Amino acid sequence: MRLLLVHADHMEYEAKKKTRFAEKIDNAMKRKYLEEVLVVFTAVEDGDDDSTVEQAVREITDVAEKIGAERILLYPYAHLSPDLAPPETAVEILKKIESSIEGFEVHRAPFGWYKAFNISCKGHPLSELSKTITPVKESKALQAEKKAVSHWYILTPDGNLVDVDKFDFSGFENLKKFADYEISKSRVVDRTPPHVELMQRLEIADYEDASDPGNLRYYPKGRLIKSLLERYVVEKCVEYGAMEVETPIMYSQQHETLRRYLDRFPARQYIIEGKRKLFLRFAACFGQFLMTHDMVLPYRALPIKLVELTKYSFRKEQRGELVGLRRLRAFTMPDMHTICRDMKQAMDEFQMQYRLSMEVLDTIGIPSESYEVAIRMTEDFYRENRDFIQELVNIIKKPVLIEMWDSRFFYFVLKFEFNFIDALGKASALSTVQIDVENAERYGISFIDESGQEKRPVILHCSLSGAIERCIYALLEKAHMDTEKGNLPSFPLWLSPIQVRIIPVSGKYLKFAEDLMKKLGGFRVDLDDRNETLGKKIRDAGREWIPYVVVVGEEEERTGLLTVTVRKESTVKNQKKVKMTVEELKQRIQKETEGRPSALLPLPPYLSKRPRFR
RNA sequence: GCCUCGGUGGCUUAGUGGUAUAGCGGCUGACUUGUAAUCAGCAGGUCGGGGGUUCAAAUCCCCCCCGAGGCUCCA
């Protein structure tokens with residue numbers, strides 16, 4: 001629905017001649033002269049419904065109150081929209097708006113007549129406003145979710161399935177926070193999340209006002225961390241047997257299969273208007289399922305796995321839901337799909353991916369103490385697979401939150417998530433795997449079994465690490481929590497943008513420092529050659545969380561032994577300084593970063609030549 | 001999307017109707033340093049944007065944009 005609101009000194013109209021769609025009217029409606037009136041030119045559009053009426057009434061009342069009008073004239077005005085509703089619907093909706101506005105003298109001009117009008121607009125800032133109202137559509141999935149009943153339990157490693165209200169949470173404070181968060185949806189937070197300040201101060205990421213909210217910019221250090229995480233997770237998937245692919249980021253809304261798929265998801269899409277209406281993907285499912293549809297899948301090839309790093313996935317989350325790196329509108333997610341011949345194979349893969357997720361998060365620097373596990377499934381699934389679920393709990397070796405639905409309303413029968421609990425007690429899902437029993441049918445994906453028959457596979461959706469940005473959020477929040485415990489915050493060495501900083505005590509030792517930098521080639525080493533005091537350089541290195549700081553001067557030049565400050569073993573008060581040879585330092589870093597992706601220094605190596613990003 | 005609070009040089013910030021503060025950072029110079037901020041000088045601002053009220057607006061009013069918190073949502 002399109003509205004054009006005009007605050008007028010007076011408005012006069014006269015119905016002249018009927019069109020095909022003219023409604024029957026009495027003489028009083030035929031012509032009117034109104035003074036001090038808010039005229040609402042209205043075009044009812046295709047798809048408008050009761051939710052549109054409700055919003056329109058709210059908007060109109062709102063404006064009328066603000067400008068202090070007592071009189072409102074609803075004036076049908078088709079020219080505001082190229083996409084009009086059928087006339088009968090339009091009249092019906094106009095009448096509904098008319099009868100729903102309260103507290104004002106409401107008039108309505110007749111629909112379907114050629115009308116002459118004469119208006120005198122007041123011309124103050126609020127005297128002319130236009131509004132577009134779109135109907136609030138609720139997807140089938142959301143409607144179904146409302147109907148479904150959830151039951152919540154805690155399942156312990158010793159096999160007790162306890163009603164969540166009866167569980168003794170002592171010793172499991174984070175699980176308690178998570179359960180409260182999930183079930184009662186209680187949010188007791190009154191400050192900005194710590195990671196937002198950190199991501200800015202450490203020059204990792206930042207808001208970009210010129211874009212849509214939730215679309216961030218990443219500075220070199222942030223880009224490096226992201227890049228390493230991205231490579232690591234994709235490599236893990238490939239190692240596990242997945243084939244990396246790439247699919248388009250935008251799709252046609254008219255595509256029949258996709259349309260039915262969208263209706264199963266409560267996600268809000270970014271829409272690109274044009275000759276054909278496109279939407280931006282919110283995961284890699286679209287591209288990969290369309291690809292899989294065209295593949296020839298002999299049963300011997302199963303399970304087959306496709307993985308794609310979605311850069312980006314787009315979800316037009318509500319404005320108030322967006323926070324720092326925790327919840328974005330554009331994010332990077334490794335999305336892997338596993339095509340399985342049957343439920344048995346799917347469950348085997350599910351368990352492998354569960355273990356793999358634990359390993360991946362641990363390597364990233366998020367050990368299992370930092371997250372809580374949720375397992376969600378239909379009651380039927382649990383009844384038939386108790387031992388399987390128990391095994392999952394035993395693998396993680398701690399109690400798990402269980403949600404059971406009395407009916408299946410999503411496309412999956414089973415899923416798990418690892419939920420990070422942040423410094424403010426908020427929970428965010430990282431790794432997740434789902435067993436999908438619906439989309440093979442929807443996308444027409446099939447394989448040929450031993451007897452030559454076509455069959456529908458079971459499909460696993462897996463994000464080993466969850467969104468990459470969210471991993472960085474978790475690392476920053478964790479670092480903040482470390483600080484609160486009195487420890488020095490840090491990144492794992494393999495993710496540190498700068499691994500070693502060399503600080504010459506004075507310009508005299510610059511040459512020695514440069515030679516040392518060359519000897520440490522292969523690692524991310526930089527050199528603080530600024531004309532600053534040693535104290536200042538040390539402080540700056542500390543504020544940048546640099547894991548190894550090497551101060552070189554007369555002594556080092558003479559003995560050839562380095563004085564290395566090891567951050568991991570230091571405290572704020574007490575810096576741990578270790579004497580070692582260049583070779584020993586190299587070996588130490590080598591060992592600590594073994595088997596993880598490496599990368600070059602993302603910034604100029606000389607600090608004197610380095611810009612600041614904020 | 002709704003409600004509440006906020007937005008002042010690159011960053012942090014003082015300023016409730018009367019010529020816009022300070023620190024950090026930047027630039028210039030001095031100092032050549034042994035483990036968490038060396039000293040001095042200089043430059044840098046359409047006070048988020050637009051409109052209004054007023055002799056006068058960062059300050060009061062309206063609309064919009066951006067951020068945070070809440071509601072909601074979270075594949």
Side-chain angles (χ1 to χ4, degrees), chain A residues 51 55 58 62-63 66-67 124-129 133-134 136 139 141-142 145 181-182 185-193 196-197 200-201 203 206-214 261-262 264-268 281-285 313 315-324 326-328 333 335 376 410-412 415 417 419 424 426-429 432-434 436 439 461 463 466-467 470 488 503-510 531-544 549-556 563-565 570 572-577 611-614:
Chain A
S51 75
Q55 286 181 78
R58 213 181 308 133
D62 198 40
V63 172
K66 268 184 194 142
I67 59 174
H124 61 77
L126 285 180
S127 64
E128 295 172 86
L129 296 168
I133 294 169
T134 40
V136 194
S139 71
L142 262 187
E145 186 179 3
Y181 193 85
E182 281 294 313
K185 312 271 186 190
S186 85
R187 316 286 141 99
V188 233
V189 174
D190 53 354
R191 55 197 174 106
T192 299
V196 172
E197 197 190 314
Q200 293 173 326
R201 211 208 79 218
E203 296 189 341
D206 216 330
Y207 297 115
E208 176 52 78
D209 290 0
S211 182
D212 196 45
Y261 186 45
L262 286 176
R264 283 295 269 158
F265 288 81
R268 294 173 182 82
R281 69 174 176 196
F282 47 82
C285 308
S313 283
R315 302 184 188 185
K316 199 149 174 103
E317 309 290 9
Q318 298 188 80
R319 187 63 190 73
E321 301 169 38
L322 306 168
V323 206
R326 174 169 181 257
R327 200 156 170 81
L328 296 160
M333 181 178 65
D335 201 359
R376 305 171 203 256
F410 270 135
Y411 56 85
F412 48 81
K415 80 177 279 201
E417 303 137 32
N419 290 272
L424 304 180
K426 293 211 172 201
S428 301
T432 179
V433 180
Q434 299 139 20
D436 177 345
N439 280 306
H461 301 239
S463 188
R470 208 171 252 191
L488 285 173
I503 304 179
V505 247
S506 78
K508 250 194 281 180
Y509 306 98
L510 192 58
N531 186 12
E532 297 290 350
T533 56
L534 180 62
K536 169 106 173 221
K537 293 183 188 179
I538 296 291
R539 179 167 195 270
D540 287 347
R543 281 173 54 83
E544 279 187 77
V549 178
V550 187
V551 175
V552 296
E554 188 274 331
E555 193 188 320
E556 286 71 24
T563 314
V564 182
T565 306
S570 301
V572 191
K573 291 253 156 66
N574 201 346
Q575 298 192 36
K576 169 89 178 208
K577 280 167 263 180
R612 282 179 171 257
F613 285 87
R614 54 175 288 141

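Note: hydrogens, waters and symmetry copies are ignored here, and every other heavy atom, side chains too, is used. Please read these numbers as outputs of a predicted model, since none were measured by experiment. Every chain is numbered from 1, with letters handed out A, B, ... down the list of sequences.
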*asked:* Distance check needed: B:U35 P versus A:R539 CZ, whole Å only.
replied: 16 Å

_Counting only side-chain heavy atoms from C-beta out, which of B:A75, B:U72, B:U35 sits nearest to A:E321?_
B:U72

*Encode nucleotides 39-49 of chain B as B, S and - characters from 5' to 3', where the letter depends on protein heavy atoms closer than 4.0 Å: B to the base, S only to sugar-phosphate, - to neither.*
-----------

_Proximity to the side chain of A:T563 - top-ranked nucleotide from B:G34, B:U72, B:A36_ = B:G34

*If we take the C1' atom in both B:U12 and B:G29, what is their distance in whole Å?*
27 Å

*Any donor-acceptor pair under 3.5 Å linking the side chain of A:Y207 with the backbone of A:G324?*
yes

*asked:* Does B:G70 have its OP1 or OP2 closer than 4.0 Å to a side-chain nitrogen or oxygen of A:K426?
replied: yes

_Whole angstrom value for the distance that separates C1' of B:U35 from CD1 of A:I503_ = 8 Å

*Distance, P atom - from B:A22 to B:A36, rounded to whole angstrom*: 31 Å

_Using a 4.0 Å heavy-atom cut-off, does A:L328 contact any base of the nucleic acid, only the sugar-phosphate backbone, or nothing at all?_
nothing

*Considering only atom C1', compute the distance from B:G1 to B:C73 and round it to an integer number of Å.*
11 Å

_Pair A:R327, A:E321 - check salt bridge (charged side-chain N to carboxylate O under 4.0 Å, His left out), show working._
CA-CA 7 Å; A:R327 200 156 170 81; A:E321 301 169 38; 3.2 Å; yes

_Rounded interatomic separation in angstrom, taking CG from A:N419 and C1' from B:A75_ = 13 Å

*A:V549 and A:A541: which non-hydrogen atoms are nearest, and at how many Å?*
CG2-CB, 3.9 Å

*Are A:I538 and A:Q575 close enough, and set up right, to give a side chain to side chain contact (heavy atoms under 4.5 Å, CB included), and what steps lead you there?*
CA-CA 11 Å; A:I538 296 291; A:Q575 298 192 36; 4.1 Å; yes

*asked:* Counting the atoms with a prime plus P, OP1 and OP2 as sugar-phosphate, which does A:E317 contact under 4.0 Å by heavy atoms, base, sugar-phosphate, or nothing?
replied: nothing

*Return the minimal non-hydrogen interatomic distance between A:S570 and A:T565, and the atom names on each side.*
OG-CG2, 4.2 Å

*Once you round it to whole Å, what is the distance between C1' of B:G6 and CD of A:E197?*
16 Å

*asked:* The side chain of A:R315 is closest to which nucleotide in this list: B:A75, B:A68, B:U35?
replied: B:A75

*Quantified in whole Å, what is the P atom distance between nucleotide B:U59 and nucleotide B:G49?*
10 Å

*Report yes or no: do A:S428 and A:R470 form a side-chain donor-acceptor pair below 3.5 Å?*
no

_A:E554 CD to B:U35 P, straight-line distance once rounded to whole Å_ = 14 Å

*Any side-chain N or O of A:Q575 less than 4.0 Å from the OP1 or OP2 oxygen of B:A36?*
yes

*Roughly how far apart, to the nearest Å, are B:G9 and B:G44 at atom P?*
15 Å

*Under the side chain to side chain donor-acceptor pair (under 3.5 Å) rule, collect the residues that match up with A:R376, sequence neighbours excluded.*
A:E182, A:E403, A:E417

_Spacing of A:R470 atom CZ relative to B:C74 atom C1', expressed in whole Å_ = 7 Å

*Tell me, for nucleotides 21-33 of chain B in 5' to 3' order, what letter each nucleotide earns: B for a base near a protein heavy atom under 4.0 Å, S for only sugar-phosphate near one, - for neither?*
----S-----BBB

*For the pair made of CD in A:E555 and P in B:U35, what is the distance, rounded to whole Å?*
11 Å

*Which value, in whole Å, describes the distance between the C1' atoms of nucleotides B:C55 and B:G17?*
12 Å

*So what stems show up for RNA chain B if we need 3 or more Watson-Crick or G-U pairs in a row, all under 3.5 Å?*
B:1-7 with B:65-71, B:10-12 with B:22-24, B:26-30 with B:38-42, B:48-52 with B:60-64

*Determine the interatomic distance between P on B:U4 and the same-named atom on B:A43; round to the nearest Å.*
44 Å

_side chain to side chain donor-acceptor pair (under 3.5 Å) against A:D206, all qualifying residues, sequence neighbours excluded_ = A:Q200, A:Y219, A:R614

*Hey, which of these two, A:A427 or A:P213, hits RNA chain B nearer its 5' end, going by closest nucleotide?*
A:P213

*Check every strand shown and say whether A:G320 touches a base, only sugar-phosphate, or nothing at a heavy-atom separation below 4.0 Å.*
base

*Go through the structure and list residues passing side chain to side chain donor-acceptor pair (under 3.5 Å) with A:E203, not counting sequence neighbours.*
none

*asked:* Need one value for A:R327: base, sugar-phosphate or nothing, where a base atom within 4.0 Å counts as base even if backbone is also close, heavy atoms only.
replied: base

*Please name the pair of heavy atoms, one in A:R326 and one in A:A427, separated by the smallest distance, quoted to 0.1 Å.*
NH2-O, 3.3 Å

*asked:* Looking at A:S463 and A:D335, would you say the former's side chain and the latter's main chain have a donor-acceptor pair under 3.5 Å?
replied: no

_Same-atom distance (P) from B:A68 to B:C63, integer angstrom_ = 22 Å

*Flag the pair A:Y411 / A:H461 as yes when their ring centroid distance falls below 6.0 Å, and as no otherwise.*
yes

*What's the OH-P distance between A:Y207 and B:G6, to the nearest Å?*
18 Å

*Measure from the side chain of A:V323, starting at C-beta and using heavy atoms only, and say which of B:G1, B:A36, B:A68 lies closest.*
B:A68

*Is a donor on one side and an acceptor on the other found under 3.5 Å between the side chain of A:R543 and the backbone of A:R201?*
no

*Tell me, yes or no, whether the heavy-atom count around A:E208 atom CD, taken from other residues, nucleotides or ligands under 6.0 Å, exceeds 12.*
yes

